[in-house]
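Quick note on labels: first sequence line is chain A, next is B, and so on, each numbered from 1.
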Amino acid sequence: MSTALKKPFYLRPPWNILFEFHKLEKLTPWNINIAYLLTTFLEEMEKTGQIDFRASGVALDSSALIYLMKSKLLLKLEEPPKPKPPKEFLPPPLFLPLRYELTSTTIKNLLEVLDEVLKGEKLIHSERRIIEPVLPPPSDILPQLDRYLMEIEIQMEKLYFSLKQRVKGAGIIEFSTLVKGLERLEVIRTFILLLFLANNGKIDLWQDEESEEIYIAVGEQPCKQ
Amino acid sequence: MQTIEKQTVEKKASQEEKLKRELALIEAALYVSGRPLDLKELCSVLKTRSKNKVKKLVKILMEEYANRNTALEILELKDERYVLQLKAEFTPKVRKLVSRPLLSTGPLKTLSYIAYRQPVSQKRVVEVRGHHAYGHIKLLKERKLIAGEKRGRSTILKTTEYFADYFGLSHDLATMKRQLKNVFEDYSKKEKR
Amino acid sequence: MQTIEKQTVEKKASQEEKLKRELALIEAALYVSGRPLDLKELCSVLKTRSKNKVKKLVKILMEEYANRNTALEILELKDERYVLQLKAEFTPKVRKLVSRPLLSTGPLKTLSYIAYRQPVSQKRVVEVRGHHAYGHIKLLKERKLIAGEKRGRSTILKTTEYFADYFGLSHDLATMKRQLKNVFEDYSKKEKR
């Protein structure tokens, strides 16, 4: 019984090549001597007395496969080589002539646009300031906001619609006016919606540095770019 | 009282001064514009209406430049237009100093192939130059150096008049190709040296 | 067999040729860059390490330009930098030919912001100028108008010496910002009037 448990001889090199196909694929078929492998395989089988017809069958199959691989390679070699396309003259790169050109931008132009950019910067500053002081810690409001957040798209549309009505299409409205008479939680919800709307570019927000009033601009605004 | 001789000398000197100033003005105009200028534009810089006078002056300046034998040259292009530029032989040596966006070697090779083989199908260009050529062709079209023309299902590529001007080449296709051939032959001779 | 005299003459001629070529190379570099170049940059064009040699060559070229007495001049600036430029007196006469801006409005705005707030983080620039600023920053770097420096995970942006030269500002950052602020304030005051 012990022989049955022992690894059969043909799973050792060099014969293992006939039984492990994945290894076969990695080898060049020309490097495999089938005649040698099969002869020694039979000799070894007779010597050890481990006559196994299944193993012989597999060995035969593998040999056939190797032959096939060899003949395929041969056929490939026999294919007439494709005629090389006639070598075409490839001209060297044509470098464009270099010409110096004076440009018209002056420091005045630079400062003109700087003025606009700094206005934009101010706006971003105030947007940031709004976010920090006004929002209470999220833990206070989030549990109650779950359902509300799920409906946020609808709520945003509602608020945007009412904003547009209040400014009659386009204009500016103060945050304090918008939330007048509302409860604290409602005020916060409205504010969060405003941030979402501003983020989507539907409205613009900024805060007056002294009065801390937040202004909401609705409708066509002069472009920031 | 001045003698006649002295007057003549002074007059001559002032005429020379004037000529120098006018030549310098043309040089200034060509330098700052960085593109070909026609006689009308040069007339307006010199505040004269005489195209003939300006033409004579430009020729003098061109000759001066040619005699100086330096890195810059003034060329006459088609339709009496003039341009100041770096001589092509210096381009590879100083390209890296240019702060304007330049075309890199790949697109320039595609351009020279199109220029040499034109009119040539886009398909052929891509076959010879590889798949990158699609990007090159787009870029070259954007720069108005080449133009495409649909013929049935294929696109035929050609260089533009702007291209010919930029290189100071003829607008006549056959002549241009001959000129280009000379340029390329010069180039390969230099490469072999 | 060559006589010694003939050899000497030939040697001299080839030396003169070499000198001419080197002068032309410097001229080429100064012409295409359109900005002041330092000795290091000129050395790299001439493929030499000798700053002294380059300095001598530039001086010869400067003299040649001065003798020609035309519209262009080569000047020596602070820190051994050299620039080829149009003589100031000619600028008003040819300004009308200059029509191409250095940059289009978007990138110019981003540049002005960087110049005013520098050193400034790339993140901040994008915050203020929007996402297009990434493209602008790339362009400005290519044009050598700004440079970026990694500091930990963020990139700090600054204008370059070329920027300062182009707008005629100081190379010293503090001075430049003061200059910009002064001009800017003057300008805004005038606007408000």
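- Within a 6.0 Å sphere centred on NZ of Lys87(B), heavy atoms belonging to other residues, nucleotides or ligands number more than 12.
- Contact annotation for Arg35(B): only side-chain heavy atoms (C-beta onward) come within less than 4.5 Å of a heavy atom of chain C.
- Here the side chains of Arg68(B) and Arg68(C) are in contact, with some heavy-atom distance below 4.5 Å.
- Residue-level contacts of residues 70-82 of chain B with chain C, in order of numbering, are Thr70(B), Ala71(B), Leu72(B); threshold 4.5 Å between heavy atoms.
- Within the 4.5 angstrom heavy-atom criterion, atoms from both the backbone and the side chain of Leu84(B) approach chain C.
- Residue-environment remark: NZ (Lys177(B)) exceeds the threshold of 12 foreign heavy atoms within 6.0 Å.
- Within a 6.0 Å radius of NZ in Lys123(B), other residues, nucleotides and ligands contribute 12 heavy atoms or fewer.
- By the 6.0 Å contact criterion, NZ on Lys141(C) is enclosed, its count of non-hydrogen atoms from other residues, nucleotides or ligands being greater than 12.
- Glu17(B) CD: 12 or fewer foreign heavy atoms inside a 6.0 Å radius.
- Closest approach of Val45(B) and Lys93(C) over heavy atoms only: CG1-O, 4.1 Å.
- More than 12 heavy-atom neighbours from other residues, nucleotides or ligands sit within 6.0 angstrom of NE2 on His171(B).
- Residues of residues 22-31 of chain B placed with any heavy atom under 4.5 Å of a heavy atom in chain C are listed by number as Ala24(B), Leu25(B), Glu27(B), Ala28(B), Ala29(B), Tyr31(B).
- Ranked by non-hydrogen atom pairs under 4.5 Å with chain C, the options Leu37(B), Thr91(B), Val32(B) are led by Val32(B).
- Considering every non-hydrogen atom in both Ser44(C) and Lys96(B), the closest pair reads OG-NZ, 3.3 Å.
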